[in-house]
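In listed order, ligands and their atoms are each counted from 1. Computed from a predicted structure; not experimentally measured.
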Amino acid sequence: MTTSSPELARIVEAVRARQRFVLSSHSRPDGDSIGSQLAMLYALQQMGKEAIAVNADPASPPLMAFPGVRDIRIAPSVDGNFEAAIIMECGDLKRTGVSGLERYFVINIDHHPGNTGYGQINWFDASAAACAEMVYDVVRALGVPLTREIATHVYLAILTDTGSFHYSGISPRTFEICRECLEAGVDPVMVARNVYDSNNMGRLKLFGAVLGAMQIDQSGRIAIVYVDHEMARAAGGTYEDTEGLVNLPLTVKEIEAVVFFKQDKADQYRVSLRSKGEVDINAIAKEYGGGGHKNASGCTITGPIEELQKTIVEKIEKAIDGRPADR
Ligand code: 5GP
Ligand code: MN
């Protein structure tokens, strides 16, 4: 199954015409950032191109098990002799947290609504369940064989960015691509085990502490979770260990949305928002200068925690009441 778009054709032309590439994605990379980036890296290498991946932050420990993840360079800036920067899974170039990328010919491949079109080529498709679906198209359009490494990264990205096939945005195409990935030798059991079953005990204890302190709003539809440095230390876990925790309250039938406050410093909080179905929490994240998708978004906000909780919960209640009827 192939997609055609003028931007995809321009990307193919631009890649063929160049030899040296730097690839980047958003800071605090998730499975789609890593999967998109490394699928592209391996494809370029197959073509005999020189390519390196540079990110602002390392991948979370479970992702380290996948091919090439340890070779991603972690740096706040780049200044090599590259002919193009391919940026994937980034709505804005600033989200890379890597400076210097703007000096190159920038190819922007992304599925985040509100992408700012910061590249010389901008291929944006909000209907892709993961940015890696688009990277898959690039790999195919370049005529590169879908090796097991490339397919593993595409599958990893789709599995994680759909919340294990929970979020809206999944299409027949998503499964078509996954089918191709399995044909190419991907072991879905191994991928799921590495991603979801490689916890340490500190992480499990921290989950227990955070979920034990969880609050539910008056209507019983919104879960409010909170973590600060002290709670993490006491449980023997780290902030990185809270990855994925925000999704757990959604496993309760009545819960429609979750807000997770992670204390950064003093009155500053990283906020993760999640919702089910037609409940759009992206607009709330955007109000605070953040972004993401309808069912999974984030932002950073500052203020007294009780007030922030009250305000955000009110906004989520409005989003739940104002949603279009579920399909
Ligand atoms: P998470 O809650 O897992 O950090 O992020 C959920 C989704 O929202 C991801 O797609 C992520 O890229 C996006 N996101 C999280 N924080 C921010 C932010 O501060 N700005 C923008 N633009 N997107 C964000
Ligand atoms: Mn994504």
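If you check the side chains of Arg173 and Ser171, you find no donor sitting under 3.5 Å from an acceptor. A donor-acceptor contact closer than 3.5 angstrom is absent between the side chains of His111 and Glu133.
To the nearest 10 degrees, the angle centred on the Mn ion (ligand 2) between NE2 in His111 and OE2 in Glu89 reads 130°.
Closest to the Mn ion (ligand 2) among the N, O or S atoms of Asp32 is OD2. Taking the Mn ion (ligand 2) as reference, Asp161 places its N/O/S atom OD2 nearest.
Aromatic ring pairs are classed by plane angle as parallel below 30°, tilted from 30° to 60° and perpendicular above 60°; the pair Tyr104 and Phe82 is perpendicular.
With Phe105 as the aromatic partner, Arg18 meets the cation-pi criteria of under 6.0 angstrom to the ring centre and within 45 degrees of the ring axis.
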Under 3.5 Å, N/O to N/O: give me all the pairs between ligand 1 and the protein, one per line with atom names and distance.
| from | atom 1 | to | atom 2 | distance (Å) |
| --- | --- | --- | --- | --- |
| ligand 1 | 2 (O) | Ser272 | OG | 2.6 |
| ligand 1 | 2 (O) | Arg274 | NH1 | 3.0 |
| ligand 1 | 2 (O) | Arg274 | NH2 | 3.4 |
| ligand 1 | 3 (O) | Arg274 | NH2 | 2.8 |
| ligand 1 | 8 (O) | Gly291 | O | 3.3 |
| ligand 1 | 8 (O) | Gly298 | N | 3.4 |
| ligand 1 | 10 (O) | His112 | NE2 | 3.3 |
| ligand 1 | 12 (O) | Arg95 | NH1 | 3.0 |
| ligand 1 | 14 (N) | Gly291 | O | 3.4 |
| ligand 1 | 16 (N) | Arg270 | NH2 | 3.0 |
| ligand 1 | 19 (O) | Arg270 | NH1 | 3.4 |
| ligand 1 | 20 (N) | Gly291 | N | 3.4 |
| ligand 1 | 22 (N) | Gly291 | N | 3.4 |
| ligand 1 | 23 (N) | Gly291 | N | 3.4 |
| ligand 1 | 23 (N) | Gly291 | O | 3.3 |

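The side-chain contact (heavy atoms from CB on, under 4.5 Å) with Tyr269 is formed by just one residue from the set Thr302, Val227, Asp228, Ile305; it is Ile305.
Under the 3.5 Å distance criterion, the side-chain polar atoms of His153 are left unmatched by any main-chain donor or acceptor of Leu38. In terms of modelled atom types and a separation under 3.5 Å, the side chain of Lys276 and the main chain of Ala257 share no donor-acceptor contact.
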